[in-house]
Amino acid sequence: MENLVRDKRMALGMTQDELSEMLNVSRQTIISLEKGRYNPSITLAFKISKLFNCTIEDIFIYEEED
């Protein structure tokens with residue numbers, strides 16, 4: 001799944017550390033999210049969308065697997 005976490009974070013001038021603290025997750029989680037190596041729980045996805053004031057679909061782009 002692709003996502004725009006890095007783009008949204010940078011648009012707000014936020015560091016990975018700051019974002020991880022706001023979401024109560026590790027910096028490694030943010031790094032993995034931004035690189036597309038980790039798909040968040042639905043709870044974390046909602047927290048991210050609320051923080052960035054947008055919908056989950058605005059951040060996470062779901063692509064069906066073949």
Side-chain angles (χ1 to χ4, degrees):
M1 176 176 355
E2 288 186 44
N3 70 72
L4 301 174
V5 173
R6 183 177 188 274
D7 295 337
K8 298 282 188 184
R9 174 181 62 77
M10 292 187 74
L12 294 176
M14 196 180 295
T15 66
Q16 289 174 332
D17 281 327
E18 291 169 335
L19 180 58
S20 69
E21 287 178 19
M22 294 176 107
L23 296 171
N24 200 27
V25 298
S26 70
R27 182 170 169 263
Q28 189 61 42
T29 297
I30 301 303
I31 291 168
S32 294
L33 265 173
E34 291 184 354
K35 291 186 176 188
R37 294 184 191 147
Y38 172 72
N39 291 329
S41 67
I42 191 69
T43 303
L44 181 55
F46 272 108
K47 285 181 181 180
I48 292 168
S49 68
K50 184 175 180 180
L51 179 70
F52 292 140
N53 196 31
C54 58
T55 66
I56 290 173
E57 293 85 359
D58 289 338
I59 300 170
F60 299 97
I61 299 101
Y62 175 73
E63 297 173 352
E64 288 194 37
E65 297 178 21
D66 293 334

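None of the values given here were measured: they were computed from a predicted structure.
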For [X] versus [Y], what's the shortest heavy-atom pair and its separation?
{"X": "Asp58", "Y": "Lys8", "value": "O-CE, 4.1 Å"}
{"X": "Gln16", "Y": "Ile31", "value": "OE1-CG1, 3.5 Å"}
{"X": "Ile61", "Y": "Met1", "value": "O-CG, 3.3 Å"}
{"X": "Leu33", "Y": "Pro40", "value": "CD2-CD, 3.6 Å"}

Report task. Report the distance from atom CZ of Arg6 to atom CD1 of Ile30, rounding to the nearest 0.5 Å. Result -> 13.0 Å

Query - Interatomic spacing from CG in Leu4 to CE in Met10 - rounded to 0.5 Å - result: 13.0 Å

Same cluster or not: are [X] and [Y] linked, directly or through other Ile, Leu, Val, Met, Phe, Trp or Tyr residues, by side-chain heavy atoms under 4.5 angstrom apart?
{"X": "Leu19", "Y": "Phe60", "result": "yes"}
{"X": "Ile56", "Y": "Leu23", "result": "yes"}
{"X": "Met14", "Y": "Ile59", "result": "yes"}

Result block: side-chain N/O donor-acceptor pairs under 3.5 angstrom for residues 41-50, not counting sequence neighbours:
residue	atom	partner	partner atom	Å
Ser41	OG	Leu44	N	3.1
Ser49	OG	Ala45	O	3.4
Ser49	OG	Phe46	O	2.9

Requested in this report: Taking the side chain as every heavy atom from C-beta outward, state whether Phe52 and Leu12 have any atom pair closer than 4.5 Å.
Outcome: yes

Query raised in the report: Do Thr29 and Ser26 pass the side chain to side chain donor-acceptor pair (under 3.5 Å) test, and can you show the C-alpha distance, the side-chain angles, and the key distance before you say yes or no?
Result: CA-CA 5 Å; Thr29 297; Ser26 70; 3.0 Å; yes

Query raised in the report: Under 3.5 Å, side chain of Ser20 to main-chain N/O of Asp17, donor-acceptor pair present?
Result: yes

